[in-house]
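Each remark here refers to the structure printed beneath this line.
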Amino acid sequence: MEFELDSGNTAWMIAASSLVLLMTPGLAFFYGGMVRGKSVLNMMMMSFSAMGVAGLIWVLYGYSLAFGSDVAMIIGNPADYFGLAITDAESLMASVGVPATVAAAFQATFAIITVALISGAIADRVKFGTWIAFAAIWVTLVYSPMAHMVWGGGLLGGDGITAGLSTPIDFAGGTVVHINAGAAGLALALLVGKRKGFGTEPMRPHNLPFVMLGAGLLWFGWFGFNAGSEFAADGTAGRAWLNTLVATGVAMLAWLATEKVRDGSATSLGAASGVVAGLVAITPAAAAVDTYGSIAIGAVAGVLCALAVGLKYKYGYDDSLDVVGVHLVGGLVGTVLIGLFATDNAESFGVWYPDGALNGLFYGGGLTQLVTQVIVAVVAVAFSFIVTYLIGLALKMTLGWRISEEDEVAGIDLAVHGESGYETIQSGSVIREVRA
Amino acid sequence: MEFELDSGNTAWMIAASSLVLLMTPGLAFFYGGMVRGKSVLNMMMMSFSAMGVAGLIWVLYGYSLAFGSDVAMIIGNPADYFGLAITDAESLMASVGVPATVAAAFQATFAIITVALISGAIADRVKFGTWIAFAAIWVTLVYSPMAHMVWGGGLLGGDGITAGLSTPIDFAGGTVVHINAGAAGLALALLVGKRKGFGTEPMRPHNLPFVMLGAGLLWFGWFGFNAGSEFAADGTAGRAWLNTLVATGVAMLAWLATEKVRDGSATSLGAASGVVAGLVAITPAAAAVDTYGSIAIGAVAGVLCALAVGLKYKYGYDDSLDVVGVHLVGGLVGTVLIGLFATDNAESFGVWYPDGALNGLFYGGGLTQLVTQVIVAVVAVAFSFIVTYLIGLALKMTLGWRISEEDEVAGIDLAVHGESGYETIQSGSVIREVRA
Amino acid sequence: MEFELDSGNTAWMIAASSLVLLMTPGLAFFYGGMVRGKSVLNMMMMSFSAMGVAGLIWVLYGYSLAFGSDVAMIIGNPADYFGLAITDAESLMASVGVPATVAAAFQATFAIITVALISGAIADRVKFGTWIAFAAIWVTLVYSPMAHMVWGGGLLGGDGITAGLSTPIDFAGGTVVHINAGAAGLALALLVGKRKGFGTEPMRPHNLPFVMLGAGLLWFGWFGFNAGSEFAADGTAGRAWLNTLVATGVAMLAWLATEKVRDGSATSLGAASGVVAGLVAITPAAAAVDTYGSIAIGAVAGVLCALAVGLKYKYGYDDSLDVVGVHLVGGLVGTVLIGLFATDNAESFGVWYPDGALNGLFYGGGLTQLVTQVIVAVVAVAFSFIVTYLIGLALKMTLGWRISEEDEVAGIDLAVHGESGYETIQSGSVIREVRA
Amino acid sequence: MKLVTGVIQPHRLDDVKSALEAAGVRGMTVSEASGYGRQKGHTEVYRGAEYTVDLVPKVRIEILVADEDASSIVDVVVGAAQTGKIGDGKVWTVPVDDVARVRTGEHGDAAL
Amino acid sequence: MKLVTGVIQPHRLDDVKSALEAAGVRGMTVSEASGYGRQKGHTEVYRGAEYTVDLVPKVRIEILVADEDASSIVDVVVGAAQTGKIGDGKVWTVPVDDVARVRTGEHGDAAL
Amino acid sequence: MKLVTGVIQPHRLDDVKSALEAAGVRGMTVSEASGYGRQKGHTEVYRGAEYTVDLVPKVRIEILVADEDASSIVDVVVGAAQTGKIGDGKVWTVPVDDVARVRTGEHGDAAL
Ligand SMILES: Nc1ncnc2c1ncn2[C@@H]1O[C@H](COP(=O)(O)OP(=O)(O)O)[C@@H](O)[C@H]1O
Ligand SMILES: Nc1ncnc2c1ncn2[C@@H]1O[C@H](COP(=O)(O)OP(=O)(O)O)[C@@H](O)[C@H]1O
Ligand SMILES: Nc1ncnc2c1ncn2[C@@H]1O[C@H](COP(=O)(O)OP(=O)(O)O)[C@@H](O)[C@H]1O
C-alpha cells in the first residue's frame, strides 16, 4: 500500500500523543497528593521514572513486541521494528494517513501510563531500584504481549479465543491498560505486603488540591487517550470525546452521591476518584456506546468503585491508592457493560465498533457480545495477575522489595531519595561539600 | 447539504475542545488558591461539580435548547437533538467539515466553564447541594437561552433586536460567557449575602502559586476557547490566537502598573488577575480586531478591572473572588470596545467578523456598531441578572443557601465535605470503621 | 506564490503554539518551586511578566526584526511586518499552507520562553522594574537578531559564516533559545552578583512537587516546541516527537544514575533537572537524529549537566537555578553532538535536515558537520554573552539590579511585591483602607 | 516576671490581641498548636476509611509580663477569648526568673 | 499545678496520647517542633550541593496537671514514647502558678 | 534546672546554634512562631484591600540547662541573635522541677 499523508489526522494524533503523555505527570500528582507528605516525592518518582524506562524500552523493542509480525498470537517479533525503524507504509495507522513515527509515539504513551498506574498499589514502601527493574521487565513481559493480544492480532482480538462468538471491543485500552494495571497492582500489593500501620494509623492524603490537579490533568489527557484511539479526526473521535466527558462527569456525581448516602458528606477526594473511575470505565467503550450508554457506564462505575475501595480493609491487602478498586473494577465495569450497551449507530451518534463485534443486549444484539467481553476480561485478569506475580516474586528473591521499617516510618523520601518535599525551618544546615 | 469531513479543521476542534475543558480545573486552582485554606476544597468542588452537572444537562437537552430549531428567538427546541442524536449534516460546524459530535463537544465546554465562573461570587459559604441544584437550573434557564439568543439565531444575533442597526459581534462568548457569568455572580452575591468578617477580617489568598497555576492553565485553555471559536484551522483562528496572547499580556502589565501607582507594589495576584481580565475582554473581539485593537482592549481592561475589584468594599456586596469586577466589567469592556476597534482587514491581519457587522468608530465604521454592542450588552446583563436572581430566590426559599455561621468560621471544607485540604500533624486519629 | 491553506498543518501549528505558550507558566513552577518560599512569587513573576513584555514587543516589531527582509545578515527590517501586518502569501510557513498569523503566533512563544529562561540565573535578588526593562531590551537586541541569524537567513544560517562548510542544523532552537539563554544567564549572574549567603547558607527548593509540576508541563509543552518546529503534521514531526520523548527520558535516567553514583541517592530534583537537560539537548537535533542518536544525546546531556551544575560553587558565580549548567551546557551538547549523529534517513526513521547539511561523523558524513556545529555554537555564545553583558551593565549603571540586602533576607516577595506566597496564621491583620 | 500562656480558638486571636493592646501589652509571641480535650474532634472519611480526628486547631499565645500584671492579663485573655463553648482553651501562668531583650541586652522588667 | 512538656518522636504521639488517656489525662496541647541533639541529622544533596540537616522533626506535647500527678504523668509519657533509640526526646516539668479555663473562667485545679 | 527560651529572628538561628554548640550545649528544641511587638508589621494589598500584617516570623528555641549554666546560656543566645534592630526578640528563663530523658528514663542533670 502506498502511504498517503493526511495532515489533519496526523495533526490530531500528534496532539493526542502529547495529551496522553501529560497523563503520567498528572498521575504523579493524583497519586502524590494522596500519600503522606513524607512520601510525596517517591510516589511522583515512580511515575516519572516510568516515563524514562517504559519509553526507552518501547522505542527499542516494545513497540515491535506489540505490533511486529505475530508469533503464536501472543507476541510480536521484536526484530521487525527494532529501534523504531519503520516505513510509513508499515505504519499502524497507515490506512488513515498517519505516519509511522506518530503511530509509535501514540502507542508509547500508553505503555508509559500503564506502568505508572501500578505504582499506586505499593506506595510508600518499595526500593526505587526494584521499581525501575520491575517497570522494565513488566513492559516487556506483560504490557507488550497484552497489547499484542488485544490490538496486534493476538488471542484477545477478533481472530482470537472469541472468534467463534464475536470480536471483542476495547476501543481505547480497558483491558490493555486498566484491567492490566489493576490486576498487576493486586499481585504486587499481595506480594509486597502492607505498610506499617495500615488499617490502624491514619494515612490521609497530604495535599488534596494536588489530587484534584492530578484528576484535572488526567481528564484533560484522557481526551487524547480515548478520542485519539480513533487514530483520526472524525465524528467517531468526537463521540469518544463526548463520552469521555459525560461518563466521567456522571461517575463523579455517582461517587459523590454514594459517599453522601454512606458517609454523610461528599468529598473532594471522592470527586477526584469518581473522575478517574469514570475515565477508566468509559475507556474500552469510548466510541462504542451512545449518550445513554455512557451515562449508564459512568453511573455504575461511580457507585461500584466507591464501594470497591473499601475492600482492601476487609480483605487486608494494602492496595494503597486503590489501583484495584478503581482500575481493575472500573476496567471490568467498562469492558463488561459494553456487552449491554454497544451500538454502531454511526448515523446519529458517531458511534463505531470493529467488524465482527455485535450490539449489546440492550441494543438488540443479544448476549453474545456480553459473553465475549467477559471471556476477554477474565483472560486478561488471569494473564496479568499471574505473570506479574511471578515477576514480583523473582524480584523479591533477588533485589528485594521493601525498604526497612525504620525508613518507612521516617519517610521514604528522605530514606530513598535523600530529599523532602517541602522546605521546613530554613536553618540547621550547612553546605558541607560541593561537587563538580 | 452533503457533509464533507475536513480532518484538519476537525483535528483543531477536538484539540480546542480539550483545551477549553481544561479551563475548568484551571479555574478551580485560580479560585481555590484565592480563598482561605479552610475553604480550598469547597471552592474547587464548585468547579468540578459543574463539569458533571452542566456536562450531563448539555448532552441531554442543553445543546438542543441552544442550537435546536428556534422558538420565539429565545430558545431552541429541546427535542431536536435530545441526547445528542445529530447527523453530521446537521452539525453546527457542517460548513467547515467538522462533525456533529465535535461541535457538540466544543459547545459543552463553554456551558461548563460559564457555570463554574459564577461560583467565585459566593465562595466559602454556600451549601453544596444548593450549588448543584443551581448549576442544573442555571444552565437550563439562563445559559442555554443566552447561547441561543446570541449564537442560535435569537434576539441577540444578526436578525434580532439590532437588526435595524448591524449584526452584533461576539466572537467567542463575551456576552454568553462573561457578561452572563458576571451578572449572575452579582445577583447571587447580593442574594446570598456577605461572608462573616467580610471587610473587617483578613481573607487573603492562601496559596498564590495555585492562583498563578490557575491563571496559566486558563490562558492555555483560552487559546482553544478563542481560536476554537473560529471552528476551523485557518488564519482567522491564528488572529484570535495572537490577540489572545497580546491583549492578555498587555492587560497583565496594565493591571500591574495600576497597582504600582496606586498601592506601591505590583503583585502576583495582580498579574494573575490581569491575565484573566485580558482574556475576558478579548474574548468577544478575538478575531475582530487587529494588533492595535487588541493592545488597546487589553490595556483598558487591565486598568478598569483593577479599579473595579475595589467596588465591592465600597458598595458592600461580597463578590468574593471578583466575578463582577473581572468577568462582568471585562466582558463589558470587550463587548463595547468592539464598537471602536472592529475591522475586517482579513488581508493583512487575518481579521474577520460576521456579515452585517460594521467596522468600529476608529476604523471608519461610524458609531453604529458601538450602539449595537451597547444594546446587546445591556440586554444580556438584564436578562442574566433577573433570571438568575429569581432562580437564586427560589433556592433561598427552598433549599437555602447558607451554611451555619459556626461552620463558616470552622471552615466549609470540614463542615460540608468532611475533609481538609492539607495534612496536619499526622496523629490524633484512628480508623474507627471501615466500609465496603 | 499563491497561498493554499492546509488545515491539517495549521491545526497542528495552532495546537503547537498553545503547547509552547504553556511552557512559560510551566517554567514559573519549575523555577518557583526551586527557590526558597520567601521568593516564590517573584520567581514566578519573572516568567509571567516575560509573557507580557516579550509578547508585546514581538507583535509590534520583534517578529519583523527576526523575519523581515535581511539587513547585513544580522537583523531583519522592523518596518516590514510592523504590528504583524502580513499577508498569508508572506507567511514564514506559506509553503506548508500555514497562515501568517499562525506562523507569527508560534514564533512569539519562542521569544517569550527564551527571556523567561534567563531569570533563573538571577533569582531572589533583582528589582522587578529592572527585569522588565531588561526583558524588553534583550528581546530587541539579542533574541531577535539571533533568531534572524539562525532562521531568518543570517550569519548562522546556510548562507552564513559556515557557507563554505555545510548548513548548520538547529531544528528547534538549540542556539536561538538555549545557548542564547544560557550565555545570557551567565553574563547576568556575573554582573548581578551572588545572593547573600550563597555557598554557605542552605537554599533548598521550597516545594519539590512544584518543580516536578514544572518539569511535567515543560515536557508536555516541549512537544509543541520540537514537533511544531517542523511547521507541519507529518512523519518528521513525529520523529521530533519521539526523540523528545526518548532523549528526555534517557537524560532523566542518566542524571539519576550520576547522582546515585556520586551522592548516594537519586533525587526528584535530579529527575526534574534531567528532564529539562534532555529536552534542551534534543532541541536542535530533534528531527535530525534517529532513535539511537537521541538516546546518545540524552545520555550525554544527563551526565554532563548533572556534573555541570556544581561548577558555580567551584567558580563562585551564583547562577542560582543553573541556567548555565542546564541550558548552556545542554544546548552545547545537543548542538555539537549533531555533528556526530545527524542523519537524513527519512525512509525508516522520518528523520530530516535542511539542504546543505551533512550526516554526522558516526553516520558516514565525516567531520564537516561537527566543525560547522562548533563554529555556530561558539559564535552564538559570544554574541549572546557580550551583548547581554553590555545591556546588563547599562542597567546596572542606571536603574540598578539589586534590591537591598535587608529585603533579600526578609524575602523579595514581601519587599518587592508586597505579598507572600502562602497564608500564615490567619490573624494579626485588619483592613486599613479600601480603594476603588 | 511571669509568662502567661494561652491556648485559644484560632478565630479569637484578633480579639485577644486587641484586648491585650488595650490593656497595655506591647508584645507577645504567637504559634500554631493543636488541642486535645473535652471538645470532640470530628470524623473524616477518605475512600471508605473513617478517621477520628481528635486534635483541633488552636493558637498559642505567650506573653511575658511583670509579676503584678500577671493575673489581670490572664483575665484579659480569658475575657477576650471566651465564647462559652467547649474548647475555648486554657490560660496559665508560669514564674520567670529573668527576661532579656536581645536587641539591647537589657534584663528584667525593662526587657519586656 | 505543673506543666509537663514532652518533646517526642512524631510517630510515638498516638501511643503517648492513648497512654495519657488511660492515665486519666483529659486534655493536652500538641505542636510541631524540630529537635537538635545527639541524634544525628542527615544529609541532603540538591544539584551538587550537600546540606547537613541537623534538625529532626519532633512533636511537643504540653500537659497541665495537678502537683501530685506530675511525676506519674512524666513516667507515663516516658514509658509510651520510649523506643530506646537516640532521639527519643525529653520530658520536663515546670511549676505553674495558676491555670484558668477560658470557657468558664474557673481557676486552679478545677480548670484542668 | 532551667528552661531558657529564646524568640529570635529566623535568619539568626544558624548563628545561635553555632554559638550554643561552642558553649557546650548539646541539645535544643526549635519551633516556628510569630511575633508581635515594637517591630512594625507590614502592609499587603490584595485586589484593592489593604491588610496590616502585624505578626512577623520568628523562631523559638528552647534549651534545658543546668541551673548554673542558665545565665551564661542566655548571654550566648543574646549575643549570637543580636543585630541591634527592633524585633531581635526576647530570651527568658523559667525554673524546671525535673527533666527526664525518654530513651533511658534518666532524670535530672543527667538527662540533659
Ligand atoms: N490538661 C491540659 N493541658 C494542656 N492543655 C490542655 C489541657 N486541657 C485542655 N487543654 C487545651 O485546651 C483546649 C480546650 O480544652 P477542652 O477540654 O476541649 O475545653 P474546655 O477548656 O472548654 O473545657 C484543648 O484543645 C487543649 O489545647
Ligand atoms: N538541652 C535540651 N533542651 C531542649 N531540648 C533538648 C535538649 N536536648 C535534647 N533536646 C530535645 O530532645 C531531642 C532528643 O535529644 P537527643 O540528644 O537527640 O537524644 P536523646 O534524648 O535520646 O539522648 C532533641 O531532638 C531535642 O528536641
Ligand atoms: N511581652 C512579650 N511576651 C512575649 N513575647 C514578646 C513580648 N514582647 C516581645 N516579644 C517577642 O519578641 C519579639 C521582638 O519584640 P519587639 O518588641 O518587636 O522588639 P524588641 O524586642 O527588639 O524591642 C516579638 O516579635 C515577640 O515575638
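Here is the naming used below: chain letters follow the sequence lines, and residue numbers restart at 1 for every chain. The structure displayed is predicted, hence computed values, not measured ones.
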I need the minimum non-hydrogen distance between F:Pro95 and E:Pro95, along with the two atoms involved.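 F:Pro95 and E:Pro95 have their closest heavy atoms at O-CD, 3.3 Å.
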Taking every heavy-atom pair that is under 4.5 Å apart, which of [options] has the most such pairs with chain F?
options: E:Val7, E:Ile86, E:Ile8; result: E:Ile86
options: E:Gln39, E:Arg60, E:Lys58, E:Glu32; result: E:Arg60
options: E:Val77, E:Val78, E:Thr83; result: E:Val78

If you round to the nearest 0.5 Å, how far is [atom2] of [Y] from [atom1] of [X]?
X: F:Glu21; Y: E:Asp54; atom1: CD; atom2: CG; value: 7.0 Å
X: F:Met28; Y: E:Ser34; atom1: CE; atom2: OG; value: 11.5 Å
X: E:Lys2; Y: F:Asp98; atom1: NZ; atom2: CG; value: 10.0 Å
X: F:Lys17; Y: E:Tyr36; atom1: NZ; atom2: OH; value: 5.5 Å
X: F:Leu112; Y: E:Lys90; atom1: CG; atom2: NZ; value: 6.5 Å

Between E:Thr93, E:Val94, E:Leu3, which is the residue that forms a side-chain contact (heavy atoms from CB on, under 4.5 Å) with F:Asp97?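 Result for side-chain contact (heavy atoms from CB on, under 4.5 Å) with F:Asp97: E:Thr93.
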Are E:Asp88 and F:Arg101 close enough for a salt bridge, meaning some N to O gap below 4.0 Å?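 The answer is no: the pair does not qualify as a salt bridge.
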State, yes or no, whether a side-chain contact exists between E:Arg38 and F:Arg26 at a heavy-atom distance under 4.5 Å.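 Yes, close enough: below the 4.5 Å cut-off.
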Is any side-chain heavy atom of E:Val91 closer than 4.5 Å to one of F:Val99?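 F:Val99 does not reach E:Val91 side chain to side chain.
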Heavy-atom cut-off 4.5 Å, strictly under: side chain, backbone, both or neither for F:Ala100 against chain E?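 For F:Ala100, heavy atoms of backbone and side chain both lie under 4.5 Å from chain E.
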